[in-house]
Every structure is written in C-alpha cells, then in structure tokens.
Amino acid sequence: MKYGDIGTPKEGKEPRIFPKDSNVYHFHPIAFVEQMKRITAPIMPPWMEIAIEKTVMAAGAHESQEPLYSFAKKCLELGGSTARPDDNENGQWCGAFVGWCLNEVKFKGGTQAWEILNSQHYIDLAKKRRFYKIIEEPVVGCIVVMTNYLKSTGKSKGSGHICYLHSVDGNNLVCLGGNQGSYLKFSPFKKVGAHSVSKTTEQRFNCFLMPFDYPESYYNYDVPTITADMSNKKYGINLKTKDNESTT
C-alpha cells in the first residue's frame with residue numbers, strides 16, 4: 001500500500017499514513033486517476049439523467065398527447081420509423097426511447113438505425129459482444145430487457161420490452177421506460193415470475209445490460225429501494241401502478 005491509498009492494511013502490517021514532515025511524496029499517476037474515478041463516480045449514468053429529464057418534461061401525458069407525442073415520435077424517427085407512437089401495432093417506442101437517450105450521450109444502439117427499435121436486438125448485440133454486455137448484478141441505470149414467451153412452448157416470440165432500472169421494490173424491478181401503460185413513467189417488473197400475461201404469452205425478465213464503453217468503475221450497485229408509485233410522485237407524475245400493465 002502506497003501513501004494515499006485507501007484500504008485496510010494486511011494482517012501483521014502497520015497501516016501507512018501520510019508523513020508529517022515537509023518532504024514531497026508522489027502518487028502513482030494511473031492509480032491516482034483510477035481512485036479519483038471511484039470517489040467521483042456519478043450516482044447514475046448520463047443516459048439515465050436524460051431519461052429522467054424527458055420524463056419530467058412529459059409530465060404524465062399519454063403517448064397520443066403533447067408533449068409526449070412529439071418526443072416519442074422523434075425517438076421512433078431516430079430508428080427510421082415513421083409510425084405514430086400511439087400505434088400499438090407499428091409504433092412501439094420503448095426501444096427507441098432507450099436508444100435515443102443513449103445516443104444523446106454518444107453510446108450507439110447498433111450499426112444501423114433500425115436496431116434501436118427492437119428490444120430483443122439489444123440482447124443479440126450483447127451476445128455478439130457489440131456495443132453492450134450482459135451483467136449479472138443490477139446497477140443504477142442499467143438496461144433491463146423483458147421477453148415475451150409462448151405459454152405453449154416456453155420459447156421466445158422475439159418481442160418484449162426494454163427500459164432503465166431506477167430502483168427495486170421487493171421482487172420488483174422499478175424501471176423507467178416508454179410504452180409502459182402508454183406512458184413514459186416508472187413501472188414495476190417482476191425479476192422472478194411473469195410480469196404480464198395474455199391468453200398465449202407471458203412476459204418475463206431476461207437480463208441486465210450495460211454499454212461496453214461505460215467504465216465499470218462507475219457502476220453504482222447501491223440500487224435504492226423505492227416503489228414505482230413513489231418514484232412517479234417524486235418526479236411529478238400523477239399516475240398509479242396497474243397490475244398486468246401493457247408494454248405495447
């Protein structure tokens with residue numbers, strides 16, 4: 001351990017302290033920079049800050065109403081889609097929202113514009129080790145991917161939902177995303193078990209993702225415990241959580 005290092009001395013060794021004389025001592029430059037990164041690491045990643053900013057701007061508006069409609073349409077257009085955000089067949093914009101926020105802080109959603117539109121394509125990118133990676137433990141602001149599975153076979157339908165982790169509430173992952181009950185808001189998604197169920201499918205948690213280029217020293221594993229309703233209220237969104245909430 002060098003002067004200035006932070007940590008507990010190994011057993012049997014005296015702890016190092018800063019000397020009290022007037023001599024000049026030098027830190028190892030790389031170690032110092034890495035330590036400062038840990039000390040000054042942001043509470044949440046920059047894309048999450050933008051996501052919250054846009055959520056406050058939308059103020060609980062429905063995706064068919066301003067100011068959310070124009071913003072959600074801009075997100076879709078970034079992915080090359082001309083669909084309306086309130087078109088439940090062609091205008092699902094959860095992936096577009098995630099991609100738009102990442103793009104604003106120079107993290108790519110893929111090599112082609114359309115790649116940000118498909119929630120499940122983010123998993124494909126991670127498996128190919130392109131732009132994103134799967135992480136085992138949740139961190140504040142990580143990408144959360146939900147997948148729709150056929151009840152009859154248990155196989156993926158190739159569709160689902162994507163959003164950002166904000167907090168946890170028991171078994172629930174409290175996430176910020178678009179298309180959550182047709183709003184941009186905080187919603188709970190079960191980490192274990194089915195979140196939403198229809199006659200033929202059920203939606204379940206798949207994985208956590210982070211951009212490859214985001215330093216691991218910035219990861220914040222101290223995910224707060226806050227309910228979705230409390231999170232919405234905190235940011236001025238007058239919406240309540242509903243069971244079996246739609247993500248289309």
Side-chain angles (χ1 to χ4, degrees), residues 44-126 130-132 140-148 158-166 173-187 189 196 203 206 208-211 213-214 228 231-232 235-237 239 245-248:
M44 64 177 64
W47 59 82
M48 188 64 174
E49 293 178 351
I50 290 175
I52 290 175
E53 175 186 317
K54 292 303 178 183
T55 302
V56 172
M57 176 274 297
H62 189 271
E63 62 191 8
S64 64
Q65 301 172 332
E66 297 294 355
L68 182 56
Y69 177 85
S70 294
F71 170 65
K73 197 167 191 314
K74 185 185 296 184
C75 293
L76 286 166
E77 290 170 352
L78 180 66
S81 173
T82 59
R84 293 171 55 97
D86 55 350
D87 178 349
N88 290 335
E89 293 296 323
N90 305 301
Q92 294 94 339
W93 53 281
C94 60
F97 171 69
V98 166
W100 190 91
C101 294
L102 288 161
N103 185 73
E104 283 293 289
V105 288
K106 311 305 179 186
F107 288 97
K108 291 183 178 181
T111 55
Q112 301 181 62
W114 65 267
E115 291 181 320
I116 73 168
L117 298 176
N118 187 333
S119 61
Q120 306 306 291
H121 190 69
Y122 286 80
I123 301 176
D124 294 336
L125 290 172
R130 294 174 58 223
F131 304 112
Y132 299 97
V140 174
C142 68
I143 300 166
V144 178
V145 184
M146 311 291 292
T147 299
N148 296 330
S159 61
H161 184 60
I162 191 167
C163 44
Y164 291 125
L165 181 68
H166 174 261
L173 303 170
V174 177
C175 300
L176 175 58
N179 277 355
Q180 295 182 179
S182 299
Y183 297 91
L184 174 55
K185 69 182 188 71
F186 298 89
S187 300
F189 296 89
S196 63
Q203 187 176 96
N206 190 310
F208 301 116
L209 303 175
M210 283 292 277
D213 294 338
Y214 192 70
S231 300
N232 283 315
Y235 293 103
I237 304 168
L239 296 170
E245 187 174 76
S246 171
T247 55
T248 59

Original post:
What closest approach, in Å, do Val105 and Pro46 show between heavy atoms, and which atom pair accounts for it?
Top reply: CG1-CB, 3.7 Å
**OP:** Check step by step if side chain to side chain contact (heavy atoms under 4.5 Å, CB included) holds for Thr147 and Ile123.
**Re:** CA-CA 10 Å; Thr147 299; Ile123 301 176; 4.2 Å; yes
Subject >> Distance (rounded to the nearest 0.5 Å) between Ser64 OG and Arg84 CZ >> reply: 7.5 Å
Original post:
Are side-chain heavy atoms of Phe208 and Ile143 found at a separation under 4.5 Å?
Top reply: no
**OP:** I would like to know whether Met146 and Thr247 meet side chain to side chain contact (heavy atoms under 4.5 Å, CB included); could you show each step before the answer?
**Re:** CA-CA 10 Å; Met146 311 291 292; Thr247 55; over 6 Å; no
**OP:** Please determine which of Phe97, Trp100, Trp93 meets the side-chain contact (heavy atoms from CB on, under 4.5 Å) test together with Leu76.
**Re:** Trp93
Original post:
About how many Å separate CG of Leu125 and CD of Glu115, when rounded to the nearest 0.5 Å?
Top reply: 5.5 Å
Original post:
What heavy-atom pair brings Leu68 and Ala58 nearest, and what distance separates the two atoms?
Top reply: CD1-CB, 4.0 Å
Subject >> Polar side-chain atom of Tyr69 near backbone of Pro85 as donor-acceptor pair, under 3.5 Å >> reply: no
**OP:** Please round to the nearest 0.5 Å and tell me the distance separating atom OH of Tyr235 and atom CG of Leu184.
**Re:** 12.5 Å
Original post:
Is the closest side-chain heavy-atom distance between Ile50 and Trp47 below 4.5 Å?
Top reply: no
Subject >> Test side chain to side chain contact (heavy atoms under 4.5 Å, CB included) applied to Leu102 and Tyr214, step by step >> reply: CA-CA 11 Å; Leu102 288 161; Tyr214 192 70; over 6 Å; no
Subject >> Check: Tyr122 and Ile162 side chains under 4.5 Å, non-hydrogen atoms >> reply: yes
Subject >> Partner of Asn148 by side-chain hydrogen bond (donor to acceptor under 3.5 Å, both in side chains), out of Ser196, Ser119, Ser159 >> reply: Ser159
Subject >> Heavy-atom pair with the smallest gap, counting every atom of Thr55 and Lys185 >> reply: CG2-CA, 4.5 Å
Original post:
Atom CZ in Phe189, atom CG in Leu165: separation rounded to 0.5 Å?
Top reply: 11.0 Å
Subject >> Minimum heavy-atom distance Phe186-Ser231, with the two atoms named >> reply: CG-CB, 3.6 Å
**OP:** Kindly compute the distance separating CD (Glu49) from NZ (Lys54), expressed to the nearest 0.5 Å.
**Re:** 14.0 Å
Original post:
Are the side chain of Gln92 and the backbone N or O of Asn88 linked by a donor-acceptor pair below 3.5 Å?
Top reply: yes
Original post:
Are side-chain heavy atoms of Ser81 and Leu117 found at a separation under 4.5 Å?
Top reply: yes
Subject >> More than 12 heavy atoms of other groups within 6.0 Å of Glu66 CD >> reply: yes
Original post:
Do Asp124 and Asn118 touch side chain to side chain, with heavy atoms closer than 4.5 Å?
Top reply: no
Original post:
Between Leu176 and Met48, is any pair of side-chain heavy atoms under 4.5 Å apart?
Top reply: yes
Original post:
Just wondering, do Val145 and Tyr132 contact through their side chains at under 4.5 Å, heavy atoms?
Top reply: no
Original post:
So do Glu63 and Tyr183 actually touch side chain to side chain, heavy atoms under 4.5 Å?
Top reply: no
Subject >> Distance (rounded to the nearest 0.5 Å) between Lys73 NZ and Thr82 OG1 >> reply: 6.5 Å
